[in-house]
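Along the sequence shown, the residues carry numbers beginning at 1. The structure presented is a predicted model; accordingly, all values stated were derived computationally and were not measured.
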Amino acid sequence: MMKETRMSLYLNAPSSRAIGAALLCSLLLLAGCKQKQAVDQPPNVAAPVKLPPAITKSQSFRCKDNSLVYIDFFADDLSLNLRTGENGAIHHLMAATPGGPFSGGGYTVSGSSQQVEVTVPDQKPQSCKS
């Protein structure tokens with residue numbers, strides 16, 4: 001009977017390899033807790049980004065030849081977008097002074113939000129009203 005008791009103790013006891021593996025895992029976990037993070041480095045800070053100006057008004061104009069032009073006026077008063085058709089290409093025009101004549105890519109626009117004069121490449125200037 002003594003042999004049976006020793007044998008049952010041996011079979012029910014955890015193996016020394018399992019104990020060693022558990023001990024090693026515990027030590028590795030605890031070793032990871034003692035590491036210091038590098039706090040001396042400043043965070044990556046990107047340079048400030050200048051946002052494009054907001055569109056203040058989108059307006060369509062009827063010209064003397066009965067064509068339509070579409071203009072988006074921007075808040076900076078230095079730029080606008082011009083389209084010569086409803087789904088036409090967008091032409092970004094710039095002015096040297098706020099509210100001054102806008103030009104770019106052979107296109108020019110001058111005037112106010114009520115009446116503008118639009119010049120398109122290879123065409124005569126046209127007066128257009130909103």
Open item on the list: Give me the atom names and distance for the closest heavy-atom approach of S103 to T108.
Closed with: CB-CG2, 3.7 Å
- [ ] To the nearest 0.5 Å, tell me how far L68 CG sits from C63 SG.
- [x] 7.5 Å
Open item on the list: Nearest 0.5 Å, please: how far is OG in S113 from CG in L80?
Closed with: 12.0 Å
- [ ] Name all residues meeting the side-chain contact (heavy atoms from CB on, under 4.5 Å) criterion together with I90; count only those two or more places apart in sequence or in a different chain, and write none if there are none.
- [x] N81, R83
Open item on the list: Could you report the tightest heavy-atom contact between L78 and T97, atom names first, then the distance?
Closed with: CD2-C, 3.4 Å
Open item on the list: Tell me the closest heavy-atom pair linking Q59 and F73, and the distance in Å.
Closed with: OE1-CE1, 4.1 Å
Task: Minimal non-hydrogen separation, A95 against G100, with atom names - done: CB-O, 3.8 Å
Open item on the list: How close do D76 and P53 get, counting heavy atoms only, and between which atoms?
Closed with: OD2-CG, 3.5 Å
Task: Closest heavy-atom pair and its distance - D72, S58 - done: OD1-OG, 2.7 Å
TODO: Give the intermediate values and the outcome of side-chain contact (heavy atoms from CB on, under 4.5 Å) for residues Y107 and T84.
DONE: CA-CA 10 Å; Y107 295 86; T84 56; 4.2 Å; yes
TODO: Could you please spell out the steps behind the side-chain contact (heavy atoms from CB on, under 4.5 Å) verdict for F61 and Q126?
DONE: CA-CA 11 Å; F61 293 86; Q126 292 194 70; over 6 Å; no
Task: Y70-F74 co-clustered via ILVMFWY side chain contacts under 4.5 Å - done: no
Open item on the list: How long is the straight-line distance from NZ of K129 back to OG of S60, given to the nearest 0.5 Å?
Closed with: 14.5 Å
Open item on the list: Just to verify, what does S67 make a side-chain hydrogen bond (donor to acceptor under 3.5 Å, both in side chains) with, not counting sequence neighbours?
Closed with: D65
